[in-house]
Structures are given as C-alpha cells and as structure tokens.
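The analysis underlying the following values was restricted to heavy atoms, covering all of them including side chains, and did not include hydrogens, waters or symmetry mates.
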Amino acid sequence: MRKCSLDALDSLFAAMSGAYSVYLPVDGDGHDKHASYKKWSEGVKYSNALNTVRSAKDFFFPQSENLMEFKVDGKNIEIIDTREESEDFIVFGVRACDAKSFEVLDNVFLLPPADSYYKSRREHGVIMSMACTRPAETCFCSTFDIDAADPAGDVQCYIEDNEIYFDAKTEKGEKALETIISLTEECGSEKVDAQKEVTHERMKKLPLANLSTEKFGGDKTNTYFNSEKWKELSQSCIGCGTCTFVCPTCQCYDIKEFDTGHGVKRFRCWDSCMYSDFTLMSAGQPRLTQLERFRQRFMHKLVYYPANNDGLFSCVGCGRCVASCPISMNIVKVMKALGEEEGK
C-alpha cells in the first residue's frame with residue numbers, strides 16, 4: 001500500500017495523464033450540480049460527491065457508438081470498419097457498487113462470442129475504485145454482498161486524514177501506480193483498516209440495511225411471474241426509462257442505421273425494456289402492456305439473471321433508481337412487496 005498527501009492529488013493526475021487518459025467525477029456547474037465523469041486536465045477538480053448521476057458503465061458500454069459504415073454502389077457494398085484503437089485510460093473514483101457492475105456486464109458482453117467493442121475497452125481501461133465512508137440513505141449495496149469499504153478494482157483508493165492511499169490489486173493496477181511512484185510512499189494499512197470498521201458500522205444503520213435477497217433468485221420464476229402484485233406496483237409507472245438509463249447494470253441496446261446521403265452508418269444505442277417499442281418485431285410487440293414491461297425489468301434483475309449467472313443478481317444497490325424515479329417506484333419497493341407475498 002502507498003500513500004501521499006491529498007493536496008498532491010492534482011500532481012498525481014498530471015503524472016498519470018502522461019501514460020493514460022484520466023477520467024474522474026467532477027461537480028456540475030450552473031443549474032446541474034450533479035457529479036459526472038470528465039477527462040482530467042489542469043484545473044479539473046475531483047468531486048467529493050458520493051456518486052455520479054450516471055455510472056462508469058459509459059466507459060465500456062457507451063450510450064451510443066458507431067459500429068461500422070456501408071457504401072453502396074449498384075450491387076457492390078463496401079463495409080468500412082470505423083473502429084479506432086482504444087486508448088489506455090484510467091477511471092478514477094469508481095465506487096464499490098459501480099465496480100461490481102462490471103462483473104454483471106462482463107457476464108453479458110465477454111461470454112463467447114465476445115463483444116469486441118466492449119472487450120477492447122475493458123482491456124485498455126484501469127479501474128481505480130474509491131472506498132465509501134459516508135453512504136447515502138438510498139444505498140443498499142450490502143444487500144448484494146458488496147462491501148462499500150472494500151471496493152473491487154485494479155487499484156483500491158482510500159481517503160483518510162487528508163491523505164490518499166492506494167492498494168494495487170491487479171497487474172494493470174500495479175502498472176498504473178508506477179506512474180506516481182515518485183509522488184507516493186510505502187505505508188501500513190492501519191488507518192485504512194480503522195476507516196473500514198467505521199464505514200461498516202455506518203452501513204448497518206442505513207434505512208435499507210435489512211433489505212435481503214433471501215426470497216429471490218433463479219428458482220422463483222413460478223413464484224412471482226403471475227403475482228397479483230405486479231398490477232399494483234406497475235400502475236403508476238409512466239415508462240420513462242429513467243431507471244434503466246441511470247442503472248449501472250442495464251445492458252439492453254438497439255442497433256439502427258442512418259443514411260447520411262454519402263453512405264450508411266450503423267450504430268447502437270441504449271434501449272429500455274420499459275419502452276413500448278422495445279423488442280418490437282414484424283409479428284408485433286411481445287409485451288403489450290406496461291405491466292408486462294415493468295415485470296420484465298424486475299424479474300430480470302431478481303430472477304432471470306441470477307438463474308443464468310450462478311446466483312449473481314443484476315442489481316448493485318447503488319440507489320440511483322431510488323433517487324431518480326419521478327414517481328418513486330423502484331426495485332426496493334418491488335422486493336419488499338413481492339417478499340411479503342412470498343412469505344405468506
């Protein structure tokens with residue numbers, strides 16, 4: 001483990017930026033004060049916000065991306081690969097919930113046949129996670145066995161007593177720390193260990209600390225699919241898709257083509273199972289009602305995904321959907337309502 005003064009943070013980013021593009025949470029300005037990821041340059045300051053309004057998922061599975069282009073000349077079609085070699089980059093300040101989300105996404109995009117766009121970014125990206133010390137009331141990552149004080153990542157970072165600590169966990173992490181070795185010094189883990197204990201006690205006192213996945217999992221399809229609770233739960237849903245766009249584990253996308261007049265661009269963009277045209281086919285819409293679409297989202301998170309991924313749930317308890325839903329409907333309320341029914 002290594003450390004340095006927190007006052008040297010800008011010097012650390014400058015040193016890392018010599019070998020990597022460095023992205024970090026930055027406070028918004030003007031009317032939007034929410035933190036979001038931005039590329040570091042001189043004058044860009046690291047945000048003390050608990051989390052960004054959108055997750056770090058964007059770095060590996062961006063909201064929209066060009067896949068290829070076509071040029072048609074009569075019966076001849078020219079396929080143009082528009083990909084560029086991915087840059088080596090660091091995502092700094094990733095919280096434990098978002099760091100866990102990469103495992104969920106990896107199970108989707110890296111299984112054979114691997115998504116080459118996603119794979120390339122994962123290979124070039126370095127995750128420098130940041131331990132939480134003051135979780136919010138909307139946090140419930142511990143429900144999914146995530147330790148906010150011990151985040152996954154290539155390098156674990158901790159801030160305590162105006163010092164920042166670094167603990168490399170992978171070869172990529174060790175290589176990244178080599179860029180700042182002259183600015184840091186070796187140290188023990190006593191202060192970090194003490195911080196973890198304090199954070200664990202704070203987590204136990206959160207409003208959602210007792211939320212459990214005990215009544216959910218891959219064997220619960222028959223238990224919940226036809227539940228009468230779905231009608232009540234989905235009744236107020238307006239299908240805006242906000243929950244899916246702030247979620248760090250949602251992976252649905254659509255592929256579209258656009259004729260520029262000089263060729264055709266094929267791109268993909270995030271989609272939402274909450275939308276009425278999601279998975280629309282020539283034969284029709286397989287989920288005609290908002291109830292069916294609402295049910296699909298939460299059954300996937302709590303039943304379908306763990307059924308196919310060794311019990312891993314497709315939620316990391318970041319609380320973004322709890323904070324963002326305009327009608328205050330979220331996975332927590334669904335778990336409580338269905339859990340009560342299953343327990344009868």
Side-chain angles (χ1 to χ4, degrees), residues 1-4 6 8-26 35-42 44-47 49 51-52 54-62 65 83-110 114-132 146-159 164-187 189 192 248-249 316 318:
M1 183 170 286
R2 305 187 68 83
K3 72 172 183 177
C4 74
L6 195 58
L9 198 56
D10 283 341
S11 297
L12 294 173
F13 292 145
M16 289 189 288
S17 66
Y20 301 87
S21 292
V22 181
Y23 299 88
L24 58 149
V26 176
S36 60
Y37 283 99
K38 292 185 179 179
K39 187 174 181 178
W40 181 86
S41 60
E42 190 173 351
V44 173
K45 299 297 182 182
Y46 174 65
S47 170
N51 227 330
T52 51
R54 276 195 358 207
S55 77
K57 174 178 73 174
D58 294 45
F59 289 102
F60 306 103
F61 176 41
E65 62 180 324
R83 284 178 291 187
E84 298 179 355
E85 180 64 25
S86 294
E87 61 180 0
D88 289 331
F89 64 96
I90 289 173
V91 188
F92 181 86
V94 178
R95 298 297 186 178
C97 50
D98 283 0
K100 182 67 173 181
S101 74
F102 302 140
E103 181 181 349
V104 176
L105 297 175
D106 287 351
N107 286 347
V108 175
F109 292 110
L110 295 184
D115 185 304
S116 58
Y117 298 86
Y118 179 89
K119 182 181 178 182
S120 177
R121 295 188 180 99
R122 285 291 276 145
E123 290 174 346
H124 286 271
V126 179
I127 302 301
M128 295 186 70
S129 56
M130 179 65 70
C132 296
I146 299 169
D147 188 346
D150 190 21
D154 298 299
V155 180
Q156 291 177 330
C157 303
Y158 303 84
I159 293 176
I164 182 167
Y165 295 79
F166 304 93
D167 188 9
K169 294 298 183 181
T170 67
E171 288 185 10
K172 284 201 297 184
E174 292 174 355
K175 183 178 179 181
L177 288 190
E178 288 177 3
T179 63
I180 57 172
I181 196 165
S182 63
L183 300 172
T184 59
E185 61 183 59
E186 288 190 24
C187 64
S189 63
V192 168
T249 64
V316 293
C318 68

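- No cation-pi contact links Arg121 to Phe60, judged by a cut-off of 6.0 Å to the six-membered ring centre and 45° from its axis.
- Side chains of Ser101 and Thr249: no donor on one and acceptor on the other come within 3.5 Å.
- For an aromatic pair to be called close, the ring centres must be under 6.0 Å apart, and Tyr117 with Phe109 fails this.
- The environment of Glu123 atom CD is dense: over 12 non-hydrogen atoms of other residues, nucleotides or ligands sit within 6.0 angstrom.
- Remark: Lys3 pairs with Glu163 by the salt bridge (charged side-chain N to carboxylate O under 4.0 Å, His left out) rule, at least two apart or across chains.
- Using modelled atom types and a 3.5 Å distance limit, the side chains of Arg83 and Ser116 yield a donor-acceptor pair.
- Side-chain polar atoms of Ser129 and Gln156 form no donor-acceptor pair below 3.5 angstrom.
- Here Lys100 does not pair with Asp98 in a salt bridge; the nearest charged N to carboxylate O distance is not below 4.0 Å.
- Side chain of Thr170 to main chain of Gly173: a donor-acceptor pair is present (N/O by atom type, distance under 3.5 Å, no hydrogens or angles).
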Apply side chain to side chain contact (heavy atoms under 4.5 Å, CB included) to residues Leu6 and Ile159 and explain how you reach the verdict. CA-CA 8 Å; Leu6 195 58; Ile159 293 176; 3.9 Å; yes

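- Using a 4.5 Å heavy-atom cutoff, the side chains of Lys169 and Asp167 are in contact.
- Taking the ring pair (Phe, Tyr, Trp, His ring centres under 6.0 Å) definition, one finds that Phe59 meets it with Tyr23, Tyr37, sequence neighbours left out.
- Across Asp154 and Gly125, no two heavy atoms sit closer than the pair OD2-O, 4.0 Å.
- For the pair Trp40 and Phe92, the minimum side-chain heavy-atom distance is 4.5 Å or more.
- We find that Asp58 and Arg54 are joined by a salt bridge, their nearest charged nitrogen and carboxylate oxygen being less than 4.0 Å apart.
- For the residue pair Asp106 and Tyr118, a side-chain donor N or O sits within less than 3.5 Å of a side-chain acceptor on the partner.
- Counting only heavy atoms from C-beta outward, the side chains of Met130 and Arg95 approach each other to under 4.5 Å.
- Counting non-hydrogen atoms of neighbouring residues, nucleotides and ligands closer than 6.0 angstrom, the CD atom of Glu87 exceeds 12 such neighbours.
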